[in-house]
Amino acid sequence: MSSIDTTREASTENEIFSQPRCWEECFKTLEEGQQLERAGKLFSKDTEYLFIGCGSSYYISQAAAASWELITGTRAWAIPASELLLFPDLVLSGSAKCQPILVSRSGHSSEVVRAAQYLEHVRNIRTLAISCSKHHPLEEISASTIYLLPADEKSVVMTRSFTSMLLGLQSLAACFAHRKEITDGLRQLPAGVQSILDWVNPRIQEFVAARTFADYVFLGQGPLFGIASEGQLKIKEMSCSFAQVFHTLEFRHGPKAIVGPEILVTFLLSETGYAPEREVLEEIKELGATTLVITNQADDTVRRQADFLVELKLGSPESVRLAAYLVTCQLLGLYTGLKKGYDIDRPRNLARAVILNRNGE
Ligand code: F1P
């Protein structure tokens, strides 16, 4: 199959495995439409960048804001759209000029649409949106929209749309900051992650089939905190299991009270914080947890402490490896949900977007 077939029935599983091909198509649409250069025209140097979204799109915003600072050196942060709607002065208090970037797969999530209306019409601030579809209220309100149509999904659960919009925003940062090595690193990801998917898939299926967990903890620092947040959401959405997220070193300060062999603790080990994060891994393994570790390169200590180890072995700069960390978490959610007999394509209590009526209900 050469291009992405979005006409077939919802299939979260296919959408997870389509990611490397989908990313290549998204990079093409960004280049062909000169979308990054056009979006960059909205930006000026003395600006701070505010990433806004809901659900998975809020976690994209967290990872994108951290990547943005690492790649461009300019201040960036992320908030859920509801914070801007309920505490606008708390969010927009600073004196510095702020460039809002609104993230939404559908462009229909009411809180994100209302955040755009508030910024454009009340605060007279020009906004940039990024989305995987067209013809929606967000594009009508935002000054400019980046489209990643190949990444759109039939499923309720966001998988390739998450990673594609994150890669799109990292590409925008690299373009804006003229960081060619980052752009090159991003373009190498599809091939690198295809081999990771091929290696991880049969092994994580076996791991999930052989063990049952009462609770799931995801740990990550810096730009990996947004990815760890999405990892816990995938377990919740796809398997209706309890799952929590913490900054890795924060897990010591109380939450480790829950640790036992029935708890799966997933470590997204960064290169920058490798040594202190590894110490937490040793300590939590000592307390009896079952551990899943994702890292770029492991040493013997990590190899000994991991019940399940994924080494990404990617040559690209650390800041652009984030999407590669997530695919294992997506597969963990998928196979745990299937094992518990859930219909992954029709997750309990969820819709593709949260659309509220006028009274906000
Ligand atoms: C955001 C979102 C999804 C979530 C669910 C409801 O949608 O919260 O992250 O998984 O599907 O909608 P969007 O604004 O990105 O379309």
Side-chain angles (χ1 to χ4, degrees), residues 6 10-13 15-16 19 22 26 50-65 78-85 100-119 127-142 145-169 218 226-241 243 245 323 326 329-330 332-334 337 342-357 360-361:
T6 56
S11 172
T12 309
E13 185 169 353
E15 284 152 3
I16 291 173
Q19 289 178 101
C22 173
C26 288
L50 173 58
F51 292 81
I52 302 171
C54 299
S56 289
S57 294
Y58 168 46
Y59 303 140
I60 296 171
S61 300
Q62 286 179 327
I79 55 157
S82 52
E83 274 292 275
L84 180 72
L85 298 177
I101 299 177
L102 299 144
V103 183
S104 179
R105 170 181 67 178
S106 64
H108 285 282
S109 293
S110 301
E111 291 152 77
V112 175
V113 171
R114 290 174 189 173
Q117 280 164 339
Y118 175 78
L119 291 162
T127 61
L128 171 67
I130 184 165
S131 179
C132 300
S133 58
K134 278 199 163 189
H135 316 306
H136 47 65
L138 184 59
E139 73 175 9
E140 280 155 29
I141 299 161
S142 285
T145 300
I146 292 175
Y147 297 99
L148 294 175
L149 304 184
D152 202 8
E153 296 148 324
K154 290 283 178 236
S155 300
V156 168
V157 170
M158 293 175 65
T159 53
R160 70 177 182 210
S161 59
F162 184 103
T163 52
S164 301
M165 288 197 280
L166 176 58
L167 296 180
L169 291 169
F218 289 78
I227 304 299
S229 301
E230 176 64 2
Q232 60 91 27
L233 183 61
K234 294 289 88 107
I235 284 281
K236 283 185 176 124
E237 289 183 327
M238 289 199 251
S239 74
C240 300
S241 308
V245 60
L326 186 59
C329 306
Q330 294 168 340
L332 180 67
L334 174 74
Y342 283 103
D343 178 349
I344 308 291
D345 298 325
R346 286 172 192 71
R348 194 168 71 181
N349 306 337
L350 295 183
R352 266 188 106 256
V354 177
I355 298 174
L356 308 171
N357 62 29
E361 286 135 15

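Counting starts at 1 for both ligands and their atoms, following the listed order.
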Distance only, no hydrogens: is a donor on one side chain within 3.5 Å (strictly under) of an acceptor on the other, for S131 and H136? yes
Can you tell me if T145 and E139 form a side-chain donor-acceptor pair at under 3.5 Å?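 Distance-only check fails for T145 and E139.
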R352/D152 ion pair, N-O < 4.0 Å: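 Salt bridge: yes.
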State which residues pass side-chain hydrogen bond (donor to acceptor under 3.5 Å, both in side chains) with S164; sequence neighbours excluded, sorted by chain then number. none
List in chain and number order the residues that pass side-chain hydrogen bond (donor to acceptor under 3.5 Å, both in side chains) with S142, two or more places apart in sequence or in another chain; answer none if no residue qualifies.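 side-chain hydrogen bond (donor to acceptor under 3.5 Å, both in side chains) list for S142, sorted by chain: T127.
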I'd like to check the salt bridge (charged side-chain N to carboxylate O under 4.0 Å, His left out) partners of E237; sequence neighbours left out, ordered by chain and number. K234
Exactly which residues line ligand 1, taking a heavy atom under 4.0 Å from it as the test? C54, G55, S56, S57, S104, R105, S106, S109, V156, M158, E237, A351, R352, A353
